[in-house]
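In what follows, a structure is listed as structure tokens, so that the remarks can point back to it.
Computation of the quantities below employed the complete heavy-atom set of this structure, encompassing side-chain atoms and omitting hydrogens, waters and symmetry-equivalent molecules. Here the structure is a predicted model, which is why all the values come from computation and not from measurement. Numbering starts at 1 and runs along the sequence shown.
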Amino acid sequence: MEKYQLTLVEQYRKKLYRIAWRIQYRARVQTNHEFVMEKNEAISAPSFTESANSNMYTLQLINSLSSEIGKMIIFDLYILDKTEAQIAKELKLSQQAVNKWKKKMLKELFRMLSSSNGSN
């Protein structure tokens, strides 16, 4: 009986150890992903005009894409901050299809931006 209790205690000890390890791992991952700022660093918020200009430029870029569905997907993903799954459900597509459209449109944007920077 005592040996059975000892093994039961050992089983619980192992389970608790695993739980504690997972909690520590999650905490470590979270702190690695967080932005750590020094005390003397200041964050300067962009001015209204800078923000408005940036938003207008982004919308111009999105509108210059060749595909209407691609425009919608990029707009929803990056402007409205929706997930691929949400967009897929709204457009009655698979999430993989949304992901392929996203990759295709981002490549197109990259080509447009590289060609415009190369010609300047």
Taking the six-membered ring for Trp and the single ring otherwise, decide whether the centroids of W21 and Y25 are under 6.0 Å apart.
-> yes

Side-chain heavy-atom pair R13, E10 within 4.5 angstrom cut-off | yes

Does N63 offer a backbone N or O that forms a donor-acceptor pair with the side chain of K71 under 3.5 Å?
-> yes

Indicate yes or no: at least one non-hydrogen side-chain atom of I79 is less than 4.5 angstrom from one of I62.
-> yes

Report yes if some heavy atom in the side chain of E90 is under 4.5 Å from a heavy atom in the side chain of M72; otherwise report no.
-> no

Shared ILVMFWY cluster between L59 and L80, side chains joined below 4.5 angstrom?
-> yes

Roughly how far, to the nearest 0.5 Å, is the CG atom of L65 from the NZ atom of K104?
-> 11.0 Å

Do the side chains of L109 and Y57 join up, straight or via other hydrophobic residues, at under 4.5 Å, putting them in one cluster?
-> yes

In Å, rounded to the nearest 0.5 Å, how long is the span from NZ of K100 to OG of S94?
-> 7.5 Å

Nearest heavy-atom approach of G70 to M105 is CA-CG, 3.5 Å

CG on L91 to CG on D76, rounded to 0.5 Å | 7.0 Å

Find out whether L106 and I74 are in side-chain contact, i.e. whether some heavy atom of one side chain is under 4.5 Å from a heavy atom of the other.
-> yes

Answer whether the closest heavy-atom distance between the side chains of K102 and L77 falls below 4.5 Å.
-> yes

The reported gap from CG in N99 to CD in E84 (rounded to nearest 0.5 angstrom) is 4.5 Å

Atom pair OH (Y78) and OG1 (T58), whose distance is rounded to the nearest 0.5 Å = 12.5 Å

Could you grab the distance from atom CG of D81 to atom CD of Q86, nearest 0.5 Å is fine?
-> 9.0 Å

Closest non-hydrogen atom pair, E108 against S64 = OE2-O, 4.3 Å

